[in-house]
> 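Okay, here's the structure, questions in a sec.
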Number of protein chains: 2
Amino acid sequence: MNTHRPFKQALDRLTQAGLRPTRQRLALAKILFDGEDRHVTAEQLHGEAVAACMTVSLATVYNTLHQFTEAGLLREVVVEAGRSYFDTNTSDHHHFFYEGSGRLIDIPGHHLVVSGLPTAPDGTRVARIDVIVRLSDQG
Amino acid sequence: MNTHRPFKQALDRLTQAGLRPTRQRLALAKILFDGEDRHVTAEQLHGEAVAACMTVSLATVYNTLHQFTEAGLLREVVVEAGRSYFDTNTSDHHHFFYEGSGRLIDIPGHHLVVSGLPTAPDGTRVARIDVIVRLSDQG
DNA sequence: ATAGTTGCAAAAGTTTTGCATTGTA
DNA sequence: TACAATGCAAAACTTTTGCAACTAT
């Protein structure tokens, strides 16, 4: 039954996250989670979906990406004004951002540490810490 | 000559940065730099400018903010998709972001340290490191 | 005068919403 | 059948660009 494994994988992800496995969601989940970790924009994912001969609007791609993010399947990373990436790696990690090409990659390993953080102001708690290391050309 | 001090301050900032001191730039610089450090969006700054009875379009506010940023007078901080803040504090520092209210504030002191950073990939150098500590309600 | 800048209207993107349609029990 | 959830067109944003008008030599 190997032919159906990517399908089952995507299906399981959705049902475990409490999301109904609709056709569009399944197809997008298959593209997103069938392989290694990825960083995609809504635009990119929409392009891939169309290339894979599925009919889906960009609006639905946005909505789906946000639903996946709320469900904990994705993490949103904002690097530039008007440009969100969605990261299939939801574990605690940080990013390199190539200012030239706009590419975003995970910082490998777990060596990067943020220390000396002041306590969160009263009535708040730290929801997440985002570290973006911006790289420009020329070593 | 105290009445002209804010004007002279703004003028000096602009000329030192190599920007021609036009009327709009002077007015916006006065709002931005005449007092303590600030975090403003283009929309906010435009609102303040209009409230101060100056005629300026939102597009010019954007252009001016980017020119100021390129000239090193401001630093752009992107916190959410479609929402850039411009920070009048250009020194090396990081931010708390209140997810509830959308407010951005500097992390006080210089205690926060990022360590364990891998070397930058070949052909690149680290242009900047942004740390955003996201806060949500409830302590 | 004139070469280079500026500032804004209009255009281009990105993201969100309202509602007809679809799918499920 | 009813009920809730989905998916998309259209709307609402934010941001950028092209060019007429201006400015400082």
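The figures that follow rest on heavy atoms only: side chains count, while hydrogens, waters and symmetry mates do not. Below, read A as the first sequence line, B as the second, and so on, with proteins coming before strands; counting in each chain starts at 1. Treat the numbers as computed from the prediction; the structure is a model and nothing was measured.
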> Among residues two or more places apart or on two chains, list those pairs meeting side chain to side chain donor-acceptor pair (under 3.5 Å) that have a residue in residues 48-63 of chain A.
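Passing the test, one end in residues 48-63 of chain A: A:Arg38-A:Glu48, A:Ser57-A:Thr60.
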
> A:Glu80 has an atom CD; how far is it from atom P of C:dG13, in whole Å?
15 Å

> If the condition is salt bridge (charged side-chain N to carboxylate O under 4.0 Å, His left out), which residues does B:Arg128 pass it with, not counting sequence neighbours?
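Once residues adjacent in sequence are excluded, the partners of B:Arg128 under the salt bridge (charged side-chain N to carboxylate O under 4.0 Å, His left out) criterion are B:Asp130.
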
> To which residues is B:Leu117 joined in a hydrophobic cluster, defined by side-chain heavy-atom contacts under 4.5 Å among Ile, Leu, Val, Met, Phe, Trp and Tyr, whether direct or through other members?
A:Phe96, A:Tyr98, A:Ile105, A:Ile107, A:Leu112, A:Val114, A:Leu117, A:Val126, A:Ile129, A:Val131, A:Val133, A:Leu135, B:Phe96, B:Tyr98, B:Ile105, B:Ile107, B:Leu112, B:Val114, B:Val126, B:Ile129, B:Val131, B:Val133, B:Leu135

> List, by chain and number, the other hydrophobic cluster members for A:Tyr85, where Ile, Leu, Val, Met, Phe, Trp and Tyr join if side-chain heavy atoms come within less than 4.5 Å, directly or indirectly.
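Taking Ile, Leu, Val, Met, Phe, Trp and Tyr as members, A:Tyr85 shares its hydrophobic cluster with A:Val77, A:Val79, A:Phe97, A:Leu104, A:Ile132.
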
> Would you kindly give the CZ-to-C1' distance between B:Phe68 and C:dG7, to the nearest whole Å?
13 Å

> Tell me, what's DNA chain C's dot-bracket, Watson-Crick or G-U with both distances under 3.5 Å, | for other-strand, [ ] crossing?
|||||||||||||||||||||||||

> How does each nucleotide of nucleotides 3-16 of chain D score, in 5' to 3' order, for protein heavy atoms under 4.0 Å: base (B), sugar-phosphate only (S), or none (-)?
--SSSBB----SBB

> To the nearest 0.5 Å, tell me how far A:Asn89 CG sits from A:His95 NE2.
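The NE2 atom of A:His95 is 7.0 Å from CG of A:Asn89, to the nearest 0.5 Å.
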
> What pairs of residues pass the side chain to side chain donor-acceptor pair (under 3.5 Å) test when at least one of them lies in residues 110-121 of chain B, not counting sequence neighbours?
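As it turns out, there is no side chain to side chain donor-acceptor pair (under 3.5 Å) pair with a partner in residues 110-121 of chain B once direct neighbours are skipped.
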
> Roughly how many Å is it from CG in A:Leu14 to P in C:dT24, rounded to a whole number?
13 Å

> Looking at residues at least two apart in the chain, or sitting in another chain, which of them share a salt bridge (charged side-chain N to carboxylate O under 4.0 Å, His left out) with A:Glu70?
none

> In chain order, what residues pass the ring pair (Phe, Tyr, Trp, His ring centres under 6.0 Å) check against A:His66, with sequence neighbours excluded?
A:Phe86

